[in-house]
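The structure appears right after this line, and notes come after that.
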There are 4 protein chains.
Amino acid sequence: MISSARPLRADAARNRELLLAAAEEEFAARGIDASIADIADRAGVAKATVFSHFASKEELIAAIVGNHFAELTVVARRLLTSADPEAALSDFLTEAAHGIKQQDLTFLRADDDSRVTELRNDLHEAVSALVDRARAAGVVRAEITGTDVFLLICAPVHIAGCHPDADPDLWRRYQAIIFDGLRPTRAELLPQPPPSWP
Amino acid sequence: MISSARPLRADAARNRELLLAAAEEEFAARGIDASIADIADRAGVAKATVFSHFASKEELIAAIVGNHFAELTVVARRLLTSADPEAALSDFLTEAAHGIKQQDLTFLRADDDSRVTELRNDLHEAVSALVDRARAAGVVRAEITGTDVFLLICAPVHIAGCHPDADPDLWRRYQAIIFDGLRPTRAELLPQPPPSWP
Amino acid sequence: MISSARPLRADAARNRELLLAAAEEEFAARGIDASIADIADRAGVAKATVFSHFASKEELIAAIVGNHFAELTVVARRLLTSADPEAALSDFLTEAAHGIKQQDLTFLRADDDSRVTELRNDLHEAVSALVDRARAAGVVRAEITGTDVFLLICAPVHIAGCHPDADPDLWRRYQAIIFDGLRPTRAELLPQPPPSWP
Amino acid sequence: MISSARPLRADAARNRELLLAAAEEEFAARGIDASIADIADRAGVAKATVFSHFASKEELIAAIVGNHFAELTVVARRLLTSADPEAALSDFLTEAAHGIKQQDLTFLRADDDSRVTELRNDLHEAVSALVDRARAAGVVRAEITGTDVFLLICAPVHIAGCHPDADPDLWRRYQAIIFDGLRPTRAELLPQPPPSWP
DNA sequence: TATGAATGAGCCTTCATTCAT
DNA sequence: AATGAATGAAGGCTCATTCAT
């Protein structure tokens with residue numbers, strides 16, 4: 001999202017943005033096997049230009065995933081200052097779902113890219129703060145951790161994506177169900193201890 | 001699982017079974033990009049033999065997915081005859097999760113294979129019966145449909161798979177959360193109407 | 001030269017031979033950067049066929065170099081049984097020169113391929129025997145070792161190759177000069193100790 | 001080395017020199033496939049700057065080779081005025097060897113660059129003068145020509161380079177052997193007539 | 001002149017699939 | 001039915017070179 005090191009020339013910056021957008025669409029449409037050639041085509045640049053911005057396909061993916069994490073972190077931090085802890089958590093999940101183009105950001109899983117790992121941990125931390133506040137306010141079960149919610153971020157979109165012909169807003173239904181499952185209504189303990197975070 | 005059309009020779013039937021098993025493992029380990037060569041190696045046959053059993057990679061995948069659907073249908077039908085409607089639904093989700101090798105059976109989504117579609121619809125029907133019974137017994141919300149539960153089958157495993165280093169049983173935690181979200185505790189309506197099924 | 005492990009099908013063996021020949025010519029003509037595509041074209045097979053015979057370009061080169069070493073070893077061992085030690089050594093260098101297509105077998109240098117290393121050491125040993133016999137017969141200086149002659153094998157062809165428009169037999173001239181340099185005429189010591197061999 | 005046509009600005013001249021040095025090192029280290037990018041990096045300039053000095057990679061190589069020829073010509077002419085004809089020829093070969101960074105200046109062979117051809121012919125002429133004097137003094141065989149020695153210049157370094165782990169001075173050994181081969185000890189005629197020079 | 005960026009051509013390699021035995 | 005071999009179609013990546021600033 002925000003380039004930090006070098007202040008790219010205007011045209012290069014534009015191409016970089018075009019490429020990231022094209023890549024995201026292509027990955028969403030074709031999965032992680034989308035070809036660099038198709039991404040370049042969609043962005044309207046030559047194949048080699050992709051590699052002048054991102055040294056490898058892996059690095060391109062890392063940039064996209066990193067951006068997602070960074071954006072979501074911003075959202076989470078902003079909502080942390082809002083008045084209503086319940087609405088804050090709910091709104092976070094809602095805003096997050098909007099950013100998840102179709103099913104394929106499954107690759108939110110670990111890549112051995114240190115920058116991505118760092119950004120992911122930042123997000124994890126911001127989400128945890130949101131969850132802590134919600135728990136303190138009694139709107140989620142005592143046992144629910146930030147890690148739980150972090151893992152659940154993609155679930156509604158993923159679930160809706162299993163439908164062969166889903167309404168674009170179907171994920172809202174499953175988000176509501178999951179959110180209800182997080183509420184402190186039930187007394188029984190959850191079957192597994194909360195997962196730790198590396 | 002059950003061959004119907006042609007009476008394969010004994011050794012050919014055995015090879016077919018070996019291939020299906022090898023393919024499933026390989027797909028689970030390497031994702032949908034697992035190569036036919038690796039699958040053949042693991043099954044101990046020549047690459048070309050794969051194509052004498054399955055006309056294409058797509059068909060091989062269809063066979064695996066179809067088998068999964070068929071197995072789950074058997075499970076759902078069996079549980080339909082059990083005494084406790086709540087336990088039946090819960091047990092179904094649990095047994096289903098066991099069959100889902102890691103995250104990659106996301107390809108439960110539509111393939112334009114008529115046999116698979118049929119088997120998927122069979123499963124959908126069996127699950128719906130299970131859900132109808134549970135709903136009638138008041139253990140799930142009135143609005144929850146069989147389609148909802150069908151779409152949720154993979155979710156727990158998928159969610160746990162988002163953790164970089166998850167306990168193999170972590171999915172149980174998220175299954176419990178989702179199951180709680182299905183319960184008729186809350187009065188509010190879910191945000192989206194239940195999805196229809198084609 | 002001699003395949004040992006599996007008794008390749010007839011057509012495959014033919015293609016392998018075609019490929020080795022085509023590769024050798026192409027490497028001779030274009031240097032080590034000759035492309036696999038050109039080699040495949042020259043052999044009249046598809047590009048992918050090259051890789052079904054040799055897992056990588058490196059392996060193809062190793063096969064060629066290995067064959068050269070093996071052939072020369074055979075020559076050296078045969079000449080070891082001839083009557084005249086001087087003629088034997090001289091003939092070896094002559095026969096060797098015939099096998100060196102143009103300048104580029106400079107890659108007789110080490111590749112980290114264990115089989116090639118082994119074959120190279122075999123040749124080194126055979127040449128050393130030839131040199132030992134020649135030295136004992138007083139036809140080469142006392143200080144000349146097998147390693148010296150091994151290193152000199154390619155020199156005549158290389159030297160002639162420096163001429164922009166050389167007669168195809170020009171290397172014979174430089175081989176004679178070098179051979180004369182090896183003779184025990186002069187009393188002075190050579191400036192460097194004989195190189196060791198790993 | 002000596003620019004003749006255009007009076008380069010001081011910094012441009014410096015960059016040109018930096019580039020030539022960097023290119024020579026890079027070619028020596030990585031062979032003729034050294035990339036322009038690496039050369040530019042080593043020289044501390046941008047890639048495009050290389051092309052503002054040399055229109056193509058070929059031209060860059062031609063400049064390097066041309067410089068080598070020019071330098072060696074200077075050496076040969078200087079030694080032509082020394083007292084001892086034998087030492088002069090020997091010293092020439094020795095000084096030449098120093099300038100040949102590893103094996104890869106094999107590209108002393110013909111390039112269709114007229115300036116390089118001219119410089120090469122200058123060197124050929126200077127070497128021939130040296131050889132004529134040596135022959136007249138009876139220190140080389142009657143049949144040895146300047147062309148012979150010209151072709152032999154690179155041989156010692158090349159031969160030593162065939163050793164997988166050579167002492168940096170090993171070429172001296174083979175230079176001595178070759179030089180001995182040039183001496184008028186033997187009466188037999190060399191097998192090929194002396195090559196003509198275009 | 002120097003450079004950051006862009007690019008077309010080409011390279012090695014992989015893979016699903018076909019063919020002949 | 002099973003297989004060893006062959007292959008066309010990509011795919012990721014590199015590089016010399018060009019272009020605009």
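Quick note: numbers below take in every heavy atom, side chains included, and nothing from hydrogens, waters or symmetry partners. Order of the sequence lines sets the chain letters (A, B, ...), proteins ahead of strands, with each chain counted from 1.
- As rounded to whole Å, 13 Å separates atom P of F:dA1 from atom CZ of B:Arg16.
- Atom pair D:Glu26:CD and F:dA16:C1' shows a separation of 15 Å (rounding to whole Å applied).
- Side chain of B:Lys57 to main chain of B:Ser35: no donor-acceptor pair is present (N/O by atom type, distance under 3.5 Å, no hydrogens or angles).
- In this structure, C:Val45 reaches the sugar-phosphate backbone alone: every heavy-atom distance under 4.0 Å involves primed, P, OP1 or OP2 atoms, never a base.
- Separating the CZ atom of C:Arg30 from the P atom of E:dG10 is a distance of 12 Å, rounded to the nearest angstrom.
- Across all strands, C:Thr49 comes closer than 4.0 Å to base atoms (heavy-atom distances).
- If you take CG on D:Leu60 and CD1 on D:Ile39, they are separated by 5.5 Å, rounding to the nearest 0.5 Å.
- For the pair B:Phe51 and C:Phe51, both in contact range of DNA chain E, the more 5′-proximal nearest nucleotide belongs to C:Phe51.
- Taking the nucleotide of DNA chain F with the nearest heavy atom to each of C:Ala48 and A:Ala37, the more 5' of the two is matched to C:Ala48.
- For E:dT1, the OP1/OP2 oxygens have no side-chain nitrogen or oxygen of D:Ser52 closer than 4.0 Å.
- Closest approach to the A:Lys47 side chain among F:dC13, E:dG8, F:dC15 is made by F:dC13 (side chain taken as heavy atoms from C-beta onward).
- Rounded to the nearest 0.5 angstrom, B:Asn15 CG and B:Leu20 CG are separated by 11.0 Å.
- Within the nucleic acid shown, C:Ala34 comes within 4.0 Å of sugar-phosphate atoms alone, with no base atom in reach, counting heavy atoms only.
- In this entry the distance linking CG of C:Asp11 with C1' of F:dT3 reads 12 Å, nearest Å.
- Counting only heavy atoms from C-beta on, C:Ile36 has its side chain closest to E:dC12 among E:dA16, E:dC12, F:dC15.
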side-chain contact (heavy atoms from CB on, under 4.5 Å) between B:Phe54 and B:Ile61, intermediate numbers included: CA-CA 9 Å; B:Phe54 308 95; B:Ile61 292 174; over 6 Å; no
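- Residue D:His53 places none of its side-chain N or O atoms closer than 4.0 Å to OP1 or OP2 of E:dT1.
- Computed from coordinates, the C:Ile39 CD1 to F:dT7 C1' distance equals 18 Å when rounded to whole Å.
- Using a 4.5 Å heavy-atom threshold, the side chains of C:Val45 and C:Leu19 count as touching.
- Pair assignment for F:dT21 gives E:dA2, based on Watson-Crick or G-U wobble hydrogen-bonding distances that are each under 3.5 Å.
- Here F:dA1 presents its P atom at 14 Å from CG of B:Leu19, a figure rounded to the nearest Å.
- Projected onto DNA chain F by closest heavy-atom contact, D:Ala55 and C:Gly44 fall at different nucleotides, the more 5' of which corresponds to C:Gly44.
- Following rounding to the nearest Å, B:Leu60 (CG) and E:dT17 (P) show an atom-to-atom distance of 10 Å.
- Whole-Å rounding puts the B:Asp33 CG to F:dA10 P distance at 16 Å.
- Within the structure, every side-chain polar atom (N or O) of B:Asn15 is placed at least 4.0 Å from both OP1 and OP2 of F:dA1.
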